[in-house]
A.B. asks: 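Quick one: structure below, then a few questions.
In what follows, every chain begins at residue 1, and chains take the letters A, B, ... in the order their sequences are listed.
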Amino acid sequence: MLNAGIAADSYTFSCILKCFAASGSVKNGEWLHGYLLKLDLAACSCSVVNSLLSFYAKVGRVESARKLFDELPQRDVVSWNSMISGYVANGGSEEGLEVFKEMTSSGTKPDIFTLSAVLHACASSGSLESGKSVHNYITGQGLESNLFVCNALMDMYAKCGSMEDASLVFSQMPVKDIISWNTIIGGYTKNDLPNEAVHHFATMVSGKWEPDGRTISCILPACASLSALNMGRQIHCHVLRNGHHLSDDRHITNALVDMYIKCGALVLARSLFDTMIPSKDLVSWTVMIAGYGMHGFGKEAIRAFEEMRRDGIKPDGVSFISVLYACSHSGLVNEGWRFFNIMQKECKIEPSLEHYACMVDLLSRSGKLQMAYEFIKGMPIKPDATIWGALLCGCRIHHDVKLAERVAEHVFELEPENARYYVLLANIYAEAEKWEEVKELRVKIGRRGLKKHPGCSWIEVKGKVHVFVAKDGSHPEVRKIEALLRKVREGMKKEGFSPKLRYALMNGDDLEKEMALCGHSEKLAMGFGILNLPPGKTVRVMKNLRVCRDCHEMAKFMSKTTGREIILRDSNFFHHFKDGSCSCRGFW
DNA sequence: ATAGGGTTAG
């Protein structure tokens, strides 16, 4: 065009800059910038300058954008907006908020584009405080009903962890669109409120809204965390019914594979994973590797990791966490060390706190408690409570009270308000029959007013979820279940399996301890499943905390005597019981 | 006909 002697106008330049931005052609854009300077066109056309600003932001040259922005003789609202969103898109939330302040004090009135960029900045820096002040500003401007603004507000509140505020915005919106629904559902899912997510999904569907791919990707992790296999299956059916535009979406398939894994359906997950030829990406592999780890198949996890690398996919930090966890859950200490080294030396990935936590977990689970302690001491970054907590868990498994006390000091100093760790130490004392120390800790928990999560287990039978809490006799069939469990216990004793009384975690005589063990929620749920599910059907039980060792023994025994498979999902691991043994082979 | 915005999977 230029060679033909046809003069380009500002529209031409805007179009071509958009092209350069989309293809990431930094050189071409910079050349055009120089060309425009010679023509002095940049000075007279706001739209061209703003195109240039947006070009620099999109190719990640936010410094060049800033330089151009600073030299502008006049700025309109789009210039300000481009500068703010340029910063935000390149990880400069703080700078974006600074520019916003400059903008308001310079007398340029922010519009809804400005506000969504600024809200995005608050969201990615996770600062609820600045988000709220922007919300106040929005209300002052009378923009609190605008659809775009509300969607951005909800997303900001969700990312800052306040679903109360997000749902308040949602409920007051005069008009909603699919993005509003996706944002609120995804917000609940990410903030670990899966029941709320499911509730909103149900409301959405019954309100004649058609879920799209994003909705599906938002709701599946909620099914996964609830272990709601039937609901997950129904959503999978919806995806299949709605044809290619949904089922070809890799986000959805990856989320489906993850859902099946976390619902205990590893075989289904693997066959779906296998259909993803050749479109498996890093996330697909990571999900599968983590899945094998969670189900106790460490060797398969390693095989998958190596297959992924052979396929030319470069592992990232998250995929290393998956493989390290898999090693730790299967007691593969040497392999774990190997991957920890590969990660740093070959892949040049700096280990994060999570990687260190995996290593501590790996060492302490396999009984190398002292080594784990030294490992923590030698960390180049400051260990947090989860790191020390992993070692504390190891101390419990291997009954090391002395080390536990030293470790607990670190944990309590770092997270004095987390009841979990006090309970953990109390359990360690209880298992060692140190009742005075147990009492002291209970007093401490009470004095601090801390709330601990009661253990509970649940099971789905005929479409209904039955929840059991330890020692809770409220379920109508609890007498029948207890009778069954007593019979199982007698059978176990006859074959020489005595009850693991130390896990009763109470001071008393043997009979009292046996009674307490019998009331554990996972036993009640398993017993209920055996009594109410058709013969031969797999019993799938979920528990919010870790499985008790005595319950683990009993599950093994019952899988043999009833000829049923039992799948027990606890807070982070699956146990598959079959013919008297468990897939975890003692590691968990 | 020209520049800027909101929601997904590990």
Side-chain angles (χ1 to χ4, degrees), chain A residues 8-18 21 45-58 65 75-86 88-89 110-121 123 146-156 158-159 166 169 173 176-187 189-190 211-224 246 249-259 261-262 273 276 280-291 293-294 308 315-323 325 354:
Chain A
D9 64 2
S10 54
Y11 180 39
T12 323
F13 290 125
S14 296
C15 287
I16 198 71
L17 276 167
K18 211 173 192 172
S45 168
C46 242
S47 71
V48 173
V49 180
N50 290 336
S51 295
L52 262 174
L53 278 175
S54 139
F55 160 79
Y56 278 125
K58 279 192 184 134
R75 299 158 180 162
D76 65 1
V77 64
V78 181
S79 322
W80 285 100
N81 291 350
S82 302
M83 196 60 241
I84 295 171
S85 55
V88 179
D111 62 7
I112 54 168
F113 291 87
T114 325
L115 294 168
S116 44
V118 170
L119 287 170
H120 202 85
N146 179 279
L147 178 63
F148 282 106
V149 171
C150 285
N151 287 345
L153 266 173
M154 281 193 295
D155 186 52
M156 179 276 293
K159 294 218 166 92
V169 172
M173 287 173 75
K176 297 178 176 79
D177 67 357
I178 183 108
I179 296 179
S180 322
W181 285 101
N182 292 348
T183 307
I184 197 78
I185 292 169
T189 300
K190 281 204 204 95
D212 67 1
R214 301 283 176 104
T215 323
I216 304 294
S217 314
C218 286
I219 193 64
L220 280 171
C223 300
L246 287 185
D249 187 319
R250 213 154 42 185
H251 277 276
I252 295 179
T253 317
N254 288 341
L256 278 169
V257 172
D258 187 54
M259 179 276 295
I261 284 169
K262 292 186 177 140
F273 177 78
M276 299 179 74
K280 297 183 188 80
D281 64 5
L282 180 61
V283 176
S284 328
W285 283 102
T286 306
V287 165
M288 204 62 233
I289 292 162
M294 240 176 258
M308 169 182 86
D316 67 352
V318 183
S319 51
F320 272 106
I321 291 174
S322 302
V323 77
Y325 246 107
E354 269 189 283

A.B. asks: Hydrogens and angles aside, do A:Asp281 and A:Asn254 bring a side-chain donor and acceptor to less than 3.5 Å of each other?
C.D. replies: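 Indeed, the side chains of A:Asp281 and A:Asn254 share at least one donor-acceptor pair under 3.5 Å.
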A.B. asks: Which nucleotide in the set B:dG4, B:dA1, B:dT8 lies at the smallest distance from any side-chain heavy atom of A:Ser82?
C.D. replies: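 The nucleotide sitting nearest to the side chain is B:dG4.
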A.B. asks: Counting only side-chain heavy atoms from C-beta out, which of B:dG4, B:dG6, B:dA9 sits nearest to A:Val78?
C.D. replies: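 Output: B:dG4.
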A.B. asks: Taking the side chain of A:Asn151 as its heavy atoms from C-beta onward, which of B:dG5, B:dG6, B:dG4 lies nearest to it?
C.D. replies: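 The answer is B:dG6.
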A.B. asks: Would you say the side chain of A:Leu220 lies within less than 4.5 Å of the side chain of A:Asp258, judging by non-hydrogen atoms?
C.D. replies: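 A:Asp258 does not reach A:Leu220 side chain to side chain.
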A.B. asks: Of the options A:Ser82, A:Ser10, A:Ser14, which is the one that meets A:Ser51 in a side-chain hydrogen bond (donor to acceptor under 3.5 Å, both in side chains)?
C.D. replies: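 One option only clears the test, and that one is A:Ser14.
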A.B. asks: Reckon A:Lys58 has a side-chain N or O less than 4.0 Å from the OP1 or OP2 of B:dG4?
C.D. replies: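 Yes, because at least one side-chain N or O of A:Lys58 sits under 4.0 Å from OP1 or OP2 of B:dG4.
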A.B. asks: State which of B:dG5, B:dA9, B:dT8 makes the closest approach to the side chain of A:Lys159.
C.D. replies: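 Among B:dG5, B:dA9, B:dT8, the one nearest the side chain of A:Lys159 is B:dT8.
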A.B. asks: Report yes if at least one side-chain N or O of A:Lys18 is closer than 4.0 Å to OP1 or OP2 of B:dA3; otherwise report no.
C.D. replies: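 So the side-chain polar atoms of A:Lys18 do come within 4.0 Å of the phosphate oxygens OP1 or OP2 of B:dA3, strictly under.
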A.B. asks: Suppose we call a contact any N or O donor and acceptor under 3.5 Å apart; does that hold for the side chain of A:Asp111 and the base of B:dG4?
C.D. replies: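 Donor-acceptor pair under 3.5 Å: yes.
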A.B. asks: What is the distance, to the nearest angstrom, from the NZ atom on A:Lys280 to the P atom on B:dG10?
C.D. replies: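 Distance, rounded to whole Å: 19 Å.
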A.B. asks: Would A:Phe148 pass as stacked on B:dG6, i.e. its ring centre under 5.5 Å from the base's six-membered ring centre and planes under 30° apart?
C.D. replies: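 A:Phe148 vs B:dG6: stacking no.
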A.B. asks: Is A:Ile112 touching bases, backbone alone, or none of the nucleic acid, heavy atoms closer than 4.0 Å?
C.D. replies: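 Base: the residue A:Ile112, judged by heavy atoms under 4.0 Å, touches a nucleobase.
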A.B. asks: Without decimals, in angstroms, what is the distance between A:Asp155 CG and B:dG5 C1'?
C.D. replies: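 After rounding, the reported distance stands at 12 Å.
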A.B. asks: At less than 3.5 Å, do the side-chain atoms of A:Asp177 and the base atoms of B:dG6 form a donor-acceptor pair?
C.D. replies: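 Under the 3.5 Å cut-off, the side chain and the base do form a donor-acceptor pair.
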A.B. asks: Nearest to the side chain of A:Thr183, which nucleotide is it out of B:dT2, B:dT7, B:dG10?
C.D. replies: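 Minimum distance to the A:Thr183 side chain belongs to B:dT7.
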A.B. asks: Starting at atom CG of A:Leu147, determine the distance to atom P of B:dG5, rounded to an integer number of angstrom.
C.D. replies: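 From A:Leu147 CG to B:dG5 P: 16 Å.
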A.B. asks: Look at all strands and tell whether A:Leu53 reaches a base, only sugar-phosphate, or nothing, counting heavy atoms closer than 4.0 Å.
C.D. replies: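 Nothing, no nucleic acid heavy atom in range.
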A.B. asks: Classify A:Ser85 by what it touches in the nucleic acid, base, sugar-phosphate, or nothing, heavy-atom distance under 4.0 Å.
C.D. replies: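 No contact.
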A.B. asks: On the side chain of A:Asn81, is there an atom forming a donor-acceptor pair with the base of B:dG5 - under 3.5 Å, no angle test?
C.D. replies: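 When only heavy-atom distances are counted, A:Asn81 does not reach the base of B:dG5 through any donor-acceptor pair under 3.5 Å.
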A.B. asks: Output the rounded distance in Å from CG (A:Leu17) to P (B:dG4).
C.D. replies: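 Going from CG in A:Leu17 over to P in B:dG4 covers 11 Å.
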A.B. asks: Side chains of A:Cys15 and A:Tyr11, heavy atoms from C-beta outward: is any pair under 4.5 Å?
C.D. replies: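 In contact.
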A.B. asks: Rounding to an integer number of Å, can you tell me how far A:Met156 CE sits from B:dG5 P?
C.D. replies: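 About 19 Å, once rounded to whole Å.
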A.B. asks: Tell me yes or no: between the side chains of A:Asp177 and A:Ser180, is some donor less than 3.5 Å from an acceptor?
C.D. replies: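 There is such a pair between these side chains.
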A.B. asks: If you look at every strand shown and take non-hydrogen atoms under 4.0 Å, does A:Ile184 touch a base, only sugar-phosphate, or nothing?
C.D. replies: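 A:Ile184: no heavy atom of the nucleic acid under 4.0 Å.
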A.B. asks: Counting heavy atoms from C-beta on, name the nucleotide in B:dA3, B:dT7, B:dG6 closest to the side chain of A:Ser54.
C.D. replies: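 Shortest atom-to-atom distance from the side chain points to B:dA3.
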A.B. asks: A:Ser51 side chain: which of B:dA9, B:dA3, B:dT2 is closest?
C.D. replies: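 When the side chain of A:Ser51 is considered, B:dA3 is the closest of B:dA9, B:dA3, B:dT2.
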A.B. asks: Heavy atoms only: give me the nearest A:Ile289-A:Ser322 pair and the separation to one decimal.
C.D. replies: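 The pair with the smallest heavy-atom distance is CG2-CB, 3.8 Å.
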A.B. asks: Please determine, for the side chain of A:Val283, which listed nucleotide (B:dT8, B:dG10, B:dG5) has the closest atom?
C.D. replies: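 Out of B:dT8, B:dG10, B:dG5, the nucleotide with an atom closest to A:Val283's side chain is B:dG10.
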A.B. asks: Given atom CG of A:Leu256 and atom P of B:dG10, what is their separation to the nearest angstrom?
C.D. replies: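 For the pair A:Leu256 CG and B:dG10 P, the rounded distance is 12 Å.
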A.B. asks: Side chain of A:Thr286, base of B:dG10: donor and acceptor closer than 3.5 Å?
C.D. replies: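 Side chain to base: pair found, below 3.5 Å.
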A.B. asks: For A:Ala123 versus A:Met156, what's the shortest heavy-atom pair and its separation?
C.D. replies: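 Closest approach of A:Ala123 to A:Met156, heavy atoms only: CB-CA, 3.8 Å.
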A.B. asks: Return the value, rounded to whole Å, for the distance between atom CD1 of A:Ile252 and atom P of B:dT7.
C.D. replies: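 Atom-to-atom, A:Ile252 to B:dT7, this comes out as 17 Å.
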A.B. asks: Pick base, sugar-phosphate or nothing for A:Lys190, based on heavy-atom distances below 4.0 Å to the nucleic acid.
C.D. replies: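 Sugar-phosphate: the residue A:Lys190, judged by heavy atoms under 4.0 Å, touches backbone atoms but no base.
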A.B. asks: For the pair made of CH2 in A:Trp80 and C1' in B:dA3, what is the distance, rounded to whole Å?
C.D. replies: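 Interatomic distance, CH2 of A:Trp80 to C1' of B:dA3: 17 Å.
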A.B. asks: Check every strand shown and say whether A:Val287 touches a base, only sugar-phosphate, or nothing at a heavy-atom separation below 4.0 Å.
C.D. replies: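 The answer is sugar-phosphate, as A:Val287 gets under 4.0 Å only of primed atoms, P, OP1 or OP2.
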